[in-house]
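Proteins come first, then strands; the chains are lettered A, B, ... in the order of their sequence lines, and each starts at number 1.
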2 protein chains.
Amino acid sequence: MDYICFMYERKILPNLNCGLDLIGEVLYGKWKIRLLWFINEGHKRPSELQRKIPDATRRVLNIQLNELEAHDLVTKKIYPVVPPKVEYSLTEFGKSLIPVLSVLGQWGDDNEEKLRSVIMKRLNAENE
Amino acid sequence: MDYICFMYERKILPNLNCGLDLIGEVLYGKWKIRLLWFINEGHKRPSELQRKIPDATRRVLNIQLNELEAHDLVTKKIYPVVPPKVEYSLTEFGKSLIPVLSVLGQWGDDNEEKLRSVIMKRLNAENE
DNA sequence: TCGAATAGGGTTAAATTATTCCCATATTGC
DNA sequence: GCAATATGGGAATAATTTAACCCTATTCGA
């Protein structure tokens, strides 16, 4: 049966030519890097993550957590208790990504002023 | 006058809380990392870049190059000749990003097999 | 004179991602 | 019994990003 269960079926396949494409594919997603970061910091439960990232809806966080899990960057442990308790952890694969994210974040921190400036300038230009 | 000239006016403002958000904002765009990479490698002219990235249309490349320029990561030099000649170069700011992209790409290369595997697995799951 | 090469913008359509709202479960405390 | 807690999925819609297609301009070479 070809019932897609409302999961989106991609029509354009991703490019996977080089390392940069590959890492882009698993990190592309508005909240993924933050999720990995906060999980690494020890905020493992969905409700905690939600509190750390209040701008995202619970729904998107779930979806992106599912993707991270499908890409084997995090594992999900469900405790059979009520009310339910769930904990995400980084896999070894996920952990190996943390130093990379550190480098990214460091460059962002080092250039914070400049970045804010150019981003705001462009935003204002867009909206006139 | 509030004529938007068909540039999209954002309704949801980006998050700019930390370094990771900031760098994400300037690198978010399907072809931007590749553009920076190839420009750094010396492929400066739009037609060269187009040949290096045949999957993107000329249009998107132009748009993303404009954004990179607006974010002061690249500069554009127009030679007053016919047929027109244009060259993009990294700014100092753009150059400072290259080591960061190297780290990303390196991780991607180091984990190529694994990444291909998890990405393909997920794609297949999506499309059933 | 026609076609290729070079560069780039306007407009619309499609694809993708994110938001919103609603529903369901089961226990604890009031 | 009812609200709160904790987790998560379905469906529809909004927002955003990319793709597709068309048009402009000039010069060189066949």
Student: Do the side chains of B:P46 and B:Y88 get nearer than 4.5 Å, heavy atoms only?
Tutor: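 In contact.
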Student: Does C:dT17 have OP1 or OP2 sitting under 4.0 Å from an N or O in the side chain of A:Q64?
Tutor: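 Answer is no, no contact under 4.0 Å.
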Student: What is the distance from CG of B:L68 to P of D:dT17, rounded to the nearest Å?
Tutor: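 Spelled out: CG on B:L68 to P on D:dT17 is 14 Å.
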Student: So for B:R59 and C:dG8, does any side-chain atom that can act as donor or acceptor lie under 3.5 Å from a complementary atom in the base?
Tutor: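 Donor-acceptor pair under 3.5 Å: no.
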Student: Does A:K76 place a side-chain N or O at less than 4.0 Å from the phosphate oxygens OP1/OP2 of D:dG8?
Tutor: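 True: A:K76 side-chain N/O within range (under 4.0 Å) of D:dG8 OP1/OP2.
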Student: Can you measure A:N62 atom CG to D:dG10 atom P for me and round it to whole angstrom units?
Tutor: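 Rounded to the whole Å, the gap is 11 Å.
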Student: What's A:S47 touching, base or sugar-phosphate or nothing? Going by heavy atoms closer than 4.0 Å.
Tutor: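 Sugar-phosphate contact only - A:S47 comes under 4.0 Å of backbone atoms but never of a base.
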Student: Let me confirm one number: the NZ-NZ distance from A:K76 to A:K44, rounded to the nearest 0.5 Å.
Tutor: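 Answer for the NZ-NZ pair, A:K76 versus A:K44, is 14.5 Å.
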Student: Where along residues 24-44 of chain B does a heavy atom fall under 4.0 Å from DNA chain C?
Tutor: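 Hits under 4.0 Å, by residue number: B:Y28.
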Student: Can you tell me which nucleotide in D:dT16, C:dA7, C:dA15 comes closest to the side chain of A:K11?
Tutor: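 For A:K11, the side-chain atoms sit closest to C:dA15.
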Student: A:E87 has an atom CD; how far is it from atom P of D:dA6, in whole Å?
Tutor: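 From A:E87 CD to D:dA6 P: 13 Å.
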Student: Determine, using the 4.5 Å side-chain heavy-atom cutoff (strictly less than), whether B:I63 and B:L49 are members of one ILVMFWY cluster.
Tutor: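 Different clusters.
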Student: Send over the distance from A:I53 CD1 to C:dT19 P, rounded to a whole Å.
Tutor: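 After rounding, the gap between these two atoms is 11 Å.
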Student: In whole angstrom, what separates A:K85's NZ from D:dG8's P?
Tutor: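 Answer to the nearest Å: 13 Å.
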Student: Looking at A:N66, I'd like to know whether one of its side-chain N or O atoms comes within less than 4.0 Å of OP1 or OP2 on D:dG9.
Tutor: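 Yes, such a contact exists.
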Student: With nearest nucleotide decided by heavy atoms, which residue, B:I63 or B:R45, maps closer to the 5′ end of DNA chain C?
Tutor: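 Nearest nucleotide further toward 5': that of B:R45.
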Student: Considering only D:dA6, C:dA18, D:dT16, which nucleotide approaches the side chain of B:R10 most closely?
Tutor: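 Minimum distance to the B:R10 side chain belongs to D:dT16.
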Student: Where each residue is assigned the nucleotide of DNA chain C containing its nearest heavy atom, which of A:I12 and B:E48 is assigned the position nearer the 5′ end?
Tutor: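 Checking each residue's closest nucleotide, the 5'-ward one belongs to B:E48.
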Student: Name all residues meeting the salt bridge (charged side-chain N to carboxylate O under 4.0 Å, His left out) criterion together with A:K30; count only those two or more places apart in sequence or in a different chain, and write none if there are none.
Tutor: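 Partners of A:K30 by the salt bridge (charged side-chain N to carboxylate O under 4.0 Å, His left out) criterion come out as none, since no residue qualifies.
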Student: Tell me: CD of A:Q50 to P of D:dT7, nearest whole Å?
Tutor: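 Spelled out: CD on A:Q50 to P on D:dT7 is 10 Å.
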Student: Without swapping roles, check the side chain of A:E48 against the backbone of A:R45 for a donor-acceptor pair under 3.5 Å.
Tutor: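 Between the backbone of A:R45 and the side chain of A:E48 there is a qualifying donor-acceptor contact (under 3.5 Å).
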Student: Please determine which of A:V103, A:L104, A:I33 meets the side-chain contact (heavy atoms from CB on, under 4.5 Å) test together with B:I23.
Tutor: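 Single pass found, and it is A:L104.
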Student: Could you tell me how far apart B:E69 (CD) and C:dG9 (P) are, to the nearest whole angstrom?
Tutor: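 That distance rounds to 10 Å.
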Student: Rounded to the nearest Å, what distance is computed from the CZ atom of residue B:R58 to the C1' atom of nucleotide C:dA4?
Tutor: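 Those two atoms, CZ and C1', are 13 Å apart.
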Student: Are any non-hydrogen side-chain atoms of A:E87 and A:I78 less than 4.5 angstrom apart?
Tutor: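 The answer is no, as the side chains (C-beta and beyond) never meet within the 4.5 Å cut-off.
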